[in-house]
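When reading the values below, keep in mind they use all heavy atoms of this one structure, side chains included, and skip hydrogens, waters and symmetry mates. Treat the numbers as computed from the prediction; the structure is a model and nothing was measured.
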Amino acid sequence: MFYGIINLLENTWEGVYVMYDFLNRYYNLAFLIAIIFYNLFPKKIRPFYLLFFSWLFFALMSKWLIIFLLLTTISIYASALVISKLENKKKDLVKEAMEDDKKIIKDKFKKKKRVVLILCIIFNVAFLFVFKYLKFFTLNANYLLDCFNVGYNFNILKLIAPIGISFYTLQALSYLFDVYNKKQEADRNYFRVALFMSFFPSIMEGPITRYSDTAEDLYKGEKITYESLCFGLQRILWGLFKKIIIADRLNVLVKTVFSGYEYFSGITIFIGALCYTIMLYMDFSGAMDVVLGIGDIFKVKVPENFKQPFFSKNISEFWTRWHISLGTWFRDYIYYPISLSKPMKSLTLKLKKHLGNHYGPLLSGTFALLVVWLLNGLWHGAGWTYILFGLYHFIMISIGNITRPEFNKLYVKLNISKSKVLHFLQILKTSFLVVIGELIFNSSTVNQAFKMIKKIFTNFKVSAFELSSLGLDFPDCVILMLALVVVLIIGLKRENGINVREKLAKKNIVVRWIILYILIFSILIFGAFGPGYEPVDPMYADF
């Protein structure tokens with residue numbers, strides 16, 4: 001009997017392992033099943049069902065590392081409740097206190113709340129630092145020790161980071177900051193906080209949502225309808241169109257140029273950098289389309305993360321349209337707290353008297369901008385190229401901030417401030433600067449980035465053979481051009497305030513399904529599959 005029980009347990013464990021392996025390999029199928037069975041549950045159970053599948057998705061991708069997501073969730077949930085409790089206690093004491101004691105009570109509880117906030121920040125940022133940055137700082141520390149002949153080196157730990165740790169850490173901190181700043185009530189429902197933190201479509205690449213954006217929608221458990229399914233499917237297919245037809249196809253050219261830049265001319269290198277910029281946009285914005293489409297299916301309004309960035313007139317505007325959720329996070333939680341701090345306010349008031357209303361605030365704003373872009377670079381990755389990428393954009397934006405008033409005066413004087421030609425030239429200039437920034441971003445070393453940039457400005461020789469050796473044949477180029485024209489047309493319509501999806505929703509059902517089938521068969525026929533192409537993982541999942 002004893003051995004029978006052992007055999008039964010072994011067989012059961014083997015069955016669990018096989019099922020786990022199947023789900024691990026085919027987790028997309030698992031979540032297709034999640035969508036299919038979602039409506040079978042009562043409305044009150046659906047949020048828990050969605051949370052279970054979100055945790056399952058994370059576990060399939062990161063195995064036991066899900067514990068760090070759970071620890072982050074528990075820490076912000078508990079810390080927010082403590083901060084809220086301290087705030088309520090402060091209010092009660094202030095009501096009963098004498099006028100002279102009110103300020104003392106407020107200061108006392110402000111310090112307590114700040115301690116809770118700082119401890120929770122340290123707790124969560126420590127995970128991010130260990131998994132993502134420890135190796136980078138250890139390598140650089142060892143380099144410095146070797147330079148000074150210390151004769152000692154730190155051990156380099158090989159760690160695998162949980163998927164999306166950069167995204168969900170910032171998302172967690174945004175909730176904590178908003179509770180601390182009394183912009184958001186601390187939620188007593190742990191499961192609502194947990195679902196906000198782990199909603200499976202956005203866990204890998206964002207967007208970095210605020211609690212007020214999605215928490216309520218996620219927990220409502222609204223029924224999936226035919227309309228929401230079709231509306232979501234449209235957005236998902238549009239994202240796959242950009243990702244599979246354009247981004248994955250450009251990957252061949254980009255890898256060829258960046259891995260063998262020594263053998264190419266400056267013009268070819270610029271083409272490679274331009275293609276990388278397009279590839280990154282199509283990949284990342286395509287992934288966001290998929291996330292927003294899944295959100296539409298579950299009737300969860302996930303905020304847009306892109307707003308036609310390549311129609312921007314300057315670098316500063318570009319970064320209000322690209323990866324919007326990251327930009328607004330740094331603006332609200334880093335830039336404003338620094339630039340509006342008491343020392344910076346005092347400095348700004350003094351400088352305004354001497355330099356005027358524009359140049360007076362620039363110093364404090366520029367310092368805050370430097371911190372933002374250093375952190376922005378590091379957020380993307382632990383490497384000197386990412387830091388250089390951040391500094392590059394800091395310099396470009398700062399130059400723009402300093403020179404903009406003078407250029408605006410010049411445009412008015414020449415009567416070209418509303419000129420369409422000027423607008424177009426500004427877009428071209430911005431796009432060129434963005435391409436140089438993305439070249440730095442994708443370079444393996446700082447030295448490579450400088451060499452490639454130098455070639456762009458000094459080596460203009462190019463041959464037909466050189467262009468023909470980039471990995472794309474004529475049909476590839478035709479497919480790319482046609483697909484890019486489609487994306488451009490849709491982008492122009494959206495830039496002009498036309499909601500393409502709403503217009504499509506008003507069309508006859510036959511027209512709607514024809515367009516859906518065109519998208520499906522375009523992806524199936526013209527997608528970058530087969531010999532010569534490698535499957536490309538979502539690019540921002542690494543960040």
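- Proximity of a side-chain donor or acceptor of Thr445 to a complementary backbone N or O of Gln448 within less than 3.5 Å is detected.
- Judged by distance alone, the side chain of Thr169 and the main-chain N or O of Ile165 form a donor-acceptor pair under 3.5 Å.
- Because its NZ or CZ atom is both nearer than 6.0 Å to the ring centre of Phe231 and within 45° of the ring axis, Arg501 counts as a cation-pi partner of that residue.
- Within 6.0 Å of CG on Leu428 lie more than 12 heavy atoms contributed by other residues, nucleotides or ligands.
- Distance check: Ile163 CD1 to Phe58 CZ gives 5.0 Å after rounding to the nearest 0.5 Å.
- Residue Leu218 holds its CG atom at 4.5 Å from CG of Leu195, rounded to the nearest 0.5 Å.
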For Tyr392 and Met396, run side chain to side chain contact (heavy atoms under 4.5 Å, CB included): C-alpha distance rounded to whole Å, both residues' side-chain angles, the deciding distance at 0.1 Å, then the answer.
CA-CA 6 Å; Tyr392 168 82; Met396 292 297 109; 3.8 Å; yes
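- A salt bridge is absent between Lys307 and Glu317: the closest approach of a Lys/Arg side-chain nitrogen to an acidic carboxylate oxygen does not fall below 4.0 angstrom.
- A donor-acceptor pair shorter than 3.5 Å cannot be found between the side chains of Asn124 and Tyr168.
- Summarising the local packing, OH of Tyr517 is surrounded by 12 or fewer heavy atoms from other residues, nucleotides or ligands at distances under 6.0 Å.
- No donor-acceptor pair closer than 3.5 Å links the side chain of Ser62 to the backbone N or O of Pro162.
- For the atom pair CD1 of Ile397 and CG of Asn314, the computed distance is 8.5 Å after rounding to the nearest 0.5 Å.
- Glu502 and Lys506 are not joined by a salt bridge, as no carboxylate oxygen comes within less than 4.0 angstrom of a charged side-chain nitrogen.
- Between Phe136 and Trp384, the distance separating the two ring centers is shorter than 6.0 angstrom.
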Does the ring pair (Phe, Tyr, Trp, His ring centres under 6.0 Å) test come out yes or no for Tyr281 and Phe310, once each step is laid out?
CA-CA 10 Å; Tyr281 173 66; Phe310 291 98; 5.4 Å; yes
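- Judged purely by atom type and a 3.5 angstrom limit, Gln171 uses its side chain to pair as donor or acceptor with the backbone of Thr209.
- Heavy-atom neighbours of Asn415 CG from other residues, nucleotides or ligands within 6.0 Å: at or below the threshold of 12.
- Residue Asp283 forms a side chain to side chain contact (heavy atoms under 4.5 Å, CB included) with just one option from Lys242, Lys243, Met288, and that option is Lys243.
- With Ser325 contributing its side chain and Ile208 its backbone, the two residues share a donor-acceptor pair below 3.5 Å.
- Remark: side-chain polar atoms of His423 are not paired, donor with acceptor, to backbone N or O of Ser419 under 3.5 angstrom.
- The closest donor-acceptor contact from the side chain of Asn496 to the backbone of Ile498 lies at 3.5 Å or more, if one exists at all.
- Between Lys301 and Thr214, the side chains place no donor N or O within less than 3.5 Å of an acceptor N or O (distance only, hydrogens not considered).
- Classified by interplanar angle (parallel below 30°, tilted 30° to 60°, perpendicular above 60°), the ring pair Trp319/Phe389 is perpendicular.
- Residues Asn305 and His323 have side chains that bring a donor and an acceptor to within less than 3.5 angstrom of each other.
- With a 6.0 Å radius and a threshold of 12 heavy atoms from other residues, nucleotides or ligands, Tyr359 has its OH atom above the threshold.
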List the steps and the verdict of side chain to side chain contact (heavy atoms under 4.5 Å, CB included) for Ile456 and Met452.
CA-CA 6 Å; Ile456 287 174; Met452 291 178 77; 5.6 Å; no
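- Under the 6.0 Å cut-off for aromatic ring centres, Phe526 and Phe521 do not qualify, their centroids lying 6.0 Å or more apart.
- Leu482 has its side chain within reach of Val478: a pair of non-hydrogen atoms, C-beta onward, lies under 4.5 Å apart.
- For Phe367, the CZ atom sits in a loose shell: 12 or fewer heavy atoms of surrounding residues, nucleotides or ligands are nearer than 6.0 Å.
- Using bins of under 30°, 30° to 60° and over 60° for the plane-to-plane angle, the ring pair Trp373/His393 lands in the parallel bin.
- Between Tyr211 and Tyr175, the ring planes are tilted. Angles from 30° to 60° get that label.
- Within the model, atoms CE of Met282 and CG of Leu250 stand 8.5 Å from one another, a figure rounded to the nearest 0.5 Å.
- At distances below 3.5 Å, not a single donor-acceptor pair connects side-chain atoms of Arg235 with backbone N or O atoms of Leu292.
- The salt bridge (charged side-chain N to carboxylate O under 4.0 Å, His left out) check on Asp476 picks up Arg249, with sequence neighbours excluded.
- More than 12 non-hydrogen atoms from other residues, nucleotides or ligands lie less than 6.0 angstrom from NZ of Lys299.
- The local environment of NZ in Lys454 is sparse, with at most 12 non-hydrogen atoms from other residues, nucleotides or ligands closer than 6.0 Å.
- Residues Thr366 and Ser398 share a closest heavy-atom pair of CG2-OG, 3.9 Å.
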Does Phe284 form a ring pair (Phe, Tyr, Trp, His ring centres under 6.0 Å) with Phe306? I'd like the steps, not just the answer.
CA-CA 9 Å; Phe284 192 20; Phe306 289 90; 5.1 Å; yes
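- In terms of modelled atom types and a separation under 3.5 Å, the side chain of Lys455 and the main chain of Tyr261 share a donor-acceptor contact.
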Residues 432-442, side-chain donor-acceptor partners within the protein, below 3.5 Å, at least two apart:
none

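- Side-chain polar atoms of Lys132 and Ser166 form a donor-acceptor pair below 3.5 angstrom.
- Judged purely by atom type and a 3.5 angstrom limit, Ser259 uses its side chain to pair as donor or acceptor with the backbone of Lys255.
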